[in-house]
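For reference, the structure is listed below as structure tokens.
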Amino acid sequence: TSPELNIRAALDLEAESIKTTFARHTVVVYELVTNADGQWYRIGDGRYVSAAYVAPFSAPAPEKTYEGRWIDVNLSSFYAIAYDGDTPVYSAIITAGRGDRTPLGVFNVFYRVRSEIMDSATVGIPKGDPEYYYLENVEYTQYFLDGGYAVHGNYWTDPADFGAFSSNGCIGLMNPDAAWFWDFLSEGSVVSIHY
């Protein structure tokens, strides 16, 4: 609920800040701990956030559910929600395509590349064009539509800037989230994208 939130190494507002998370980014809560400084959520081993700045997350309802493992990408809320059947199991904040560049519809993962080079010349944006890009080491790339559309890791966007339209059409995830989706999905998995 705060623009930035420090993840602390101990249950103390003066404890070392080991990382920062940002508004609308989801965290997994393992337990609630109370001490003299108030209530804290343990979000990992030696990782705590003040409960005063964290609100429960409810996955926005998908338009339709599918069998097996699939993802619902909601461009209104900027979340990708992993489902097993009709049960949500994981959520992540995303980036999506500027100017309606992210296609809407129901697709299937048809090709996966663990570490990819993305060159816009391969999708018709030549070198020298203001929108040209060449990105090495794009992790956990899962293509769902011809023309270079994929769900993948995005290391070049500041984490604070996720939850917005900033890509050329792909669904961008922070690398830890992209790794989770890589392990969860497989070729043939449904990717449903809508507002």
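Residue numbers start at 1 and run along the sequence shown. On a predicted model such as this, the values are computed, not experimentally measured, just so you know.
- Cluster membership check: Trp156 does not share its hydrophobic cluster with Leu173, using side-chain heavy-atom separations under 4.5 Å among Ile, Leu, Val, Met, Phe, Trp and Tyr.
- The minimum heavy-atom distance between Glu67 and Trp70, with the atom names listed, is O-CD1, 4.2 Å.
- Panel note: side chain Ser166, backbone Thr95; no donor-acceptor pair is recorded below 3.5 Å.
- A side-chain contact (heavy atoms from CB on, under 4.5 Å) with Phe181 is found for exactly one of Arg69, Gln142, His152, namely Gln142.
- Hydrophobic cluster membership is shared by Leu145 and Leu75, with clusters built from Ile, Leu, Val, Met, Phe, Trp and Tyr side chains linked at under 4.5 angstrom.
- By the 30° and 60° cut-offs, the orientation of the rings of Phe184 relative to Trp180 is parallel.
- Ring-plane geometry between Tyr143 and Phe110 is classed as tilted, the angle between the planes lying from 30 to 60 degrees on a 0 to 90 degree scale.
- Note: Phe78 and Phe165 have perpendicular aromatic rings, judged against thresholds of 30 and 60 degrees for the angle between ring planes.
- Asn6 places no side-chain N or O within donor-acceptor distance of the main-chain N or O of Arg8, the cut-off being under 3.5 Å.
- Taking CD1 of Ile43 as the start and CG of Asp45 as the end, the distance is 11.0 Å to the nearest 0.5 Å.
- Side-chain contact check for Asp183 versus Tyr140: every heavy-atom pair is 4.5 Å or farther apart.
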Intermediate values then yes/no, side-chain contact (heavy atoms from CB on, under 4.5 Å), Val73 and Ile94: CA-CA 9 Å; Val73 178; Ile94 64 165; 3.7 Å; yes
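- Glu14 meets the salt bridge (Lys or Arg N to Asp or Glu O under 4.0 Å) test with no other residue; sequence neighbours excluded.
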Residue pair Thr122, Asp119: steps toward the side-chain hydrogen bond (donor to acceptor under 3.5 Å, both in side chains) verdict: CA-CA 6 Å; Thr122 64; Asp119 182 345; 5.8 Å; no
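- The two atoms that bring Met174 and Pro159 nearest to each other are SD-CB, 3.7 Å, heavy atoms only.
- Proximity of the aromatic rings of Tyr79 and Phe57 is defined here by a centroid distance below 6.0 angstrom, and this criterion is met.
- Taking all atoms of both residues into account, the shortest heavy-atom contact from Gly85 to Thr65 is O-CB, 4.1 Å.
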Evaluate Met118 against Tyr134 for side-chain contact (heavy atoms from CB on, under 4.5 Å), listing each step before the verdict. CA-CA 6 Å; Met118 291 190 171; Tyr134 181 88; over 6 Å; no
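- Here Arg101 contributes atom CZ and Asn168 contributes atom CG; the two are 5.0 Å apart, rounded to the nearest 0.5 Å.
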- [ ] Please lay out, stage by stage, how Tyr111 and Val109 fare under the test side-chain contact (heavy atoms from CB on, under 4.5 Å).
- [x] CA-CA 6 Å; Tyr111 184 61; Val109 173; over 6 Å; no
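- Between Asp84 and Thr87, the side chains place no donor N or O within less than 3.5 Å of an acceptor N or O (distance only, hydrogens not considered).
- Between Asp12 and Tyr48, the side chains place no donor N or O within less than 3.5 Å of an acceptor N or O (distance only, hydrogens not considered).
- Under the 4.5 Å side-chain heavy-atom criterion for Ile, Leu, Val, Met, Phe, Trp and Tyr, Val151 and Leu104 are members of the same hydrophobic cluster.
- Using a 4.5 Å heavy-atom cutoff, the side chains of Phe144 and Pro103 are in contact.
- Within the 3.5 Å criterion, the main-chain N or O of Ser91 finds a donor-acceptor partner in the side chain of Thr26.
- With no hydrogens or angles considered, no side-chain donor-acceptor pair links Tyr66 and Asp86 at under 3.5 Å.
- Hydrophobic clustering, with ILVMFWY side chains joined whenever heavy atoms are under 4.5 angstrom apart, groups Tyr149 together with Ile71.
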Pair Arg112, Thr141 - check side-chain contact (heavy atoms from CB on, under 4.5 Å), show working.
CA-CA 6 Å; Arg112 296 167 23 113; Thr141 303; over 6 Å; no
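- Shortest non-hydrogen contact noted between Ile171 and Ala96 is CD1-CB, 4.4 Å.
- A distance of 7.0 Å separates CG in Asn35 from CH2 in Trp40, rounded to the nearest 0.5 Å.
- Annotation: side chain of Leu5 is in contact with side chain of Val54 (closest heavy-atom distance under 4.5 Å).
- Between the NZ atom in Lys19 and the OG1 atom in Thr21 there is a gap of 7.5 Å [rounded to 0.5 Å].
- Between the side chain of Arg98 and the backbone N or O of Ser167, at least one donor-acceptor pair lies under 3.5 Å.
- Side chains of Phe162 and Asn154 form a contact here, defined as non-hydrogen atoms less than 4.5 Å apart.
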Side chains of residues 187-195: which donor-acceptor pairs under 3.5 Å do they make with residues two or more places apart or in other chains?
unit_1: Ser189; atom_1: OG; unit_2: Ser186; atom_2: N; d: 3.0
unit_1: Ser189; atom_1: OG; unit_2: Ser186; atom_2: O; d: 2.9
unit_1: His194; atom_1: NE2; unit_2: Asp72; atom_2: OD1; d: 2.8
unit_1: His194; atom_1: NE2; unit_2: Asp72; atom_2: OD2; d: 3.2
unit_1: Tyr195; atom_1: OH; unit_2: Asp100; atom_2: OD1; d: 3.1

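- Between Leu32 and Gln39, some side-chain heavy-atom pair lies under the 4.5 Å cut-off.
- In this structure, the side chain of Arg47 does not engage the main chain of Ile7 through any donor-acceptor pair within 3.5 Å.
- Residues Gly147 and Val123 come closest through the heavy atom pair O-CG1, 3.0 Å.
- Linking Ile, Leu, Val, Met, Phe, Trp and Tyr residues whenever their side-chain heavy atoms come within less than 4.5 Å leaves Tyr41 and Leu11 in two separate clusters.
- Tyr83 and Pro60 get closest at one heavy-atom pair: OH-O, 3.7 Å.
- No more than 12 heavy atoms of other residues, nucleotides or ligands lie within 6.0 Å of OH in Tyr53, so this atom counts as exposed by the packing criterion.
- For the pair Asn137 (side chain) and Glu139 (backbone), a donor-acceptor distance under 3.5 Å is absent.
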